[in-house]
Protein chains: 2
Amino acid sequence: MTTGRTTPTKRADARRNEQVLLDAAAAAFVASGVEVPVRHIAARAGVGVGTIYRHFPTRADLVIAVYRHQVDACADAGPTLLAHADSPHQALSRWIDLFVDFLTTKHGLAAALQSDRAQFETLHAWFLDRLVPVCAELLQACVQAGQVRDDIEALELMRGVGNLCIGADERYDARRMVELLIAGLRATTQR
Amino acid sequence: MTTGRTTPTKRADARRNEQVLLDAAAAAFVASGVEVPVRHIAARAGVGVGTIYRHFPTRADLVIAVYRHQVDACADAGPTLLAHADSPHQALSRWIDLFVDFLTTKHGLAAALQSDRAQFETLHAWFLDRLVPVCAELLQACVQAGQVRDDIEALELMRGVGNLCIGADERYDARRMVELLIAGLRATTQR
DNA sequence: TCACGATACGGAGCAGCGTTCCGCTTCGCA
DNA sequence: TGCGAAGCGGAACGCTGCTCCGTATCGTGA
């Protein structure tokens with residue numbers, strides 16, 4: 001607006017720092033979970049906290065940036081699975097598997113997504129925006145094939161699956177619980 | 001040990017304050033959720049925060065005290081339901097209903113139970129200790145009646161149900177998700 | 001090559017959290 | 001009624017996410 005041409009692109013050090021930050025955050029998330037303090041990430045990256053907040057206005061933006069590729073991959077897998085699976089239900093089931101994989105391998109991510117702390121609302125919203133349409137497409141195909149009851153919304157299913165993935169450990173197998181949920185989803189002739 | 005008889009019971013003001021605190025906490029939980037700051041509860045009760053911490057060494061102890069009666073009632077309902085229901089599965093289903101009722105009517109309680117914040121671990125442990133045996137008894141009866149698959153632990157089911165109750169609102173009906181989970185629990189002849 | 005404005009950085013500081021600590025007050029028995 | 005024990009209040013501590021601004025660095029036009 002003011003100059004418009006002095007520095008058309010980000011400064012080299014800023015670009016470098018952004019990548020350093022993403023790497024440091026990813027490492028910190030693995031080491032200490034997604035709730036690791038911002039200060040720790042800054043220290044690991046060798047920068048001040050101010051630098052983090054300039055690149056990523058809020059914690060959630062940083063988490064989103066770190067996991068963006070994986071979430072995108074999960075979203076993209078939906079149509080592919082639908083096209084190649086034996087049945088819509090199999091496609092849905094496999095896609096849910098991918099989603100559960102993602103959530104359970106990221107220490108504390110599922111819990112962070114559902115935490116009612118305001119800082120994570122953006123994160124929550126972004127995940128849903130990105131993945132709900134994909135889930136809805138799969139679900140719709142299942143319903144049309146008569147393989148799944150028709151009174152469940154994609155949003156509801158996603159949130160249910162996400163919730164089930166919270167706090168998985170050796171005594172709580174989230175995948176098995178999700179399996180139960182998906183089994184319960186099947187269209188039932190008996191009632 | 002030292003005196004042993006000077007003051008056999010708590011002082012009157014302490015007993016009074018404990019009740020005031022329980023009432024204030026219950027009101028604060030309803031008004032602002034279980035994550036309401038300790039300072040707010042203290043202010044509502046008209047006491048200092050120190051007073052809260054003498055009566056309830058940690059937040060979790062206060063939450064436990066507030067909900068103790070309701071949790072006890074839920075635990076007691078297990079055997080009763082089992083004795084009077086048409087089938088073990090019906091008893092289990094109704095008992096889970098009670099549990100879901102409890103969790104969803106307490107704003108944020110389910111989330112607090114699963115939060116990985118250390119302060120809530122005691123709370124989480126207490127809930128499970130109290131309710132898992134009851135659930136196990138119901139589940140066992142269902143399995144023996146051949147109504148439910150036999151490879152699910154009570155702890156796992158409880159945690160799954162608890163997780164599903166997190167963040168219920170007008171767009172996410174936790175009860176319906178739990179219904180799916182319980183439906184998925186049924187013993188299946190097909191595979 | 002260099003000067004200078006735009007850009008980016010670091011970290012002290014703020015507000016809010018749970019929890020601790022200790023000087024003061026109140027209770028209730030002897 | 002005196003006095004030791006019990007209880008109370010709230011300042012203070014260490015932690016959090018996040019903001020703000022003086023300082024340092026970059027990169028371009030002269």
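First the proteins, then the strands, lettered A, B, ... as listed; each starts at 1.
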Please tabulate, for side-chain N and O atoms in residues 90-101 of chain A, each donor-acceptor pair with protein atoms closer than 3.5 Å (sequence neighbours left out).
| residue | atom | partner | partner atom | Å |
| --- | --- | --- | --- | --- |
| A:Q90 | OE1 | A:D86 | N | 2.8 |
| A:W95 | NE1 | A:C74 | O | 2.9 |
| A:D101 | OD1 | A:R175 | NH2 | 2.5 |

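- Cluster annotation: A:F29 and A:V20 are assigned to distinct hydrophobic clusters (Ile/Leu/Val/Met/Phe/Trp/Tyr, side-chain heavy-atom contacts under 4.5 Å, transitive).
- Ion pairing between a basic and an acidic side chain is recognised when a charged N comes within 4.0 Å of a carboxylate O; A:R186 and A:E179 show no such pairing.
- With hydrogens and angles ignored, a donor-acceptor pair closer than 3.5 Å exists between the side chain of A:R39 and the base of C:dG13.
- Residue B:T58 has no polar side-chain atom (N or O) positioned under 4.0 Å from OP1 or OP2 of C:dG18.
- Under a cut-off of 6.0 angstrom, the local environment of CZ in B:R171 is sparse, with at most 12 non-hydrogen atoms contributed by other residues, nucleotides or ligands.
- Across the protein-nucleic acid pair, B:K10 atom NZ and D:dG7 atom P stand 7 Å apart, rounded to whole Å.
- With sequence neighbours left out, B:R16 forms a side-chain contact (heavy atoms from CB on, under 4.5 Å) with B:A12, B:D13.
- Closest to the side chain of A:A12, out of D:dC8, D:dG27, D:dC18, is D:dG27.
- In the interface, the side chain of A:R11 is paired with the base of D:dT25 through a donor and an acceptor atom under 3.5 Å apart.
- Between A:P37 and B:H55, the residue anchored nearer the 5' end of DNA chain D, judged by the nucleotide with its closest heavy atom, is B:H55.
- Atom pair B:H40:NE2 and D:dG10:C1' shows a separation of 15 Å (rounding to whole Å applied).
- In this structure, B:F56 atom CZ and C:dT20 atom P are separated by 15 Å, rounded to whole Å.
- In this structure, B:Q147 contributes its side chain and B:C142 its backbone to no donor-acceptor pair below 3.5 Å.
- Scanning residues 41-54 of chain B for heavy-atom distances under 4.0 Å to DNA chain D yields B:G46, B:V47, B:G48, B:V49, B:G50, B:T51, B:R54.
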Show me the donor-acceptor pairs within less than 3.5 Å that the side chains of residues 64-72 of chain B make with the rest of the protein, sequence neighbours left out.
| residue | atom | partner | partner atom | Å |
| --- | --- | --- | --- | --- |
| B:Q70 | OE1 | B:K106 | NZ | 3.2 |
| B:D72 | OD1 | B:R130 | NE | 2.6 |
| B:D72 | OD1 | B:R130 | NH2 | 3.0 |

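- The stretch residues 19-27 of chain A does not touch DNA chain C, since none of its heavy atoms comes less than 4.0 Å from the strand.
- Remark on DNA chain C: of its neighbouring residues A:E18 and B:D13, the 5'-side contact belongs to A:E18, judged by nearest-heavy-atom nucleotide.
- When the side-chain nitrogen and oxygen atoms of B:N17 are compared with OP1 and OP2 of D:dC8, one or more of them lie within a distance under 4.0 Å.
- Comparing B:V36 and B:R15, the nucleotide of DNA chain C nearest to each residue sits closer to the 5' end for B:V36.
- B:D129 pairs by the salt bridge (Lys or Arg N to Asp or Glu O under 4.0 Å) definition with nothing, not counting sequence neighbours.
- Under the 4.0 Å criterion applied to side-chain N and carboxylate O atoms, B:E18 and B:K10 are assigned as salt-bridge partners.
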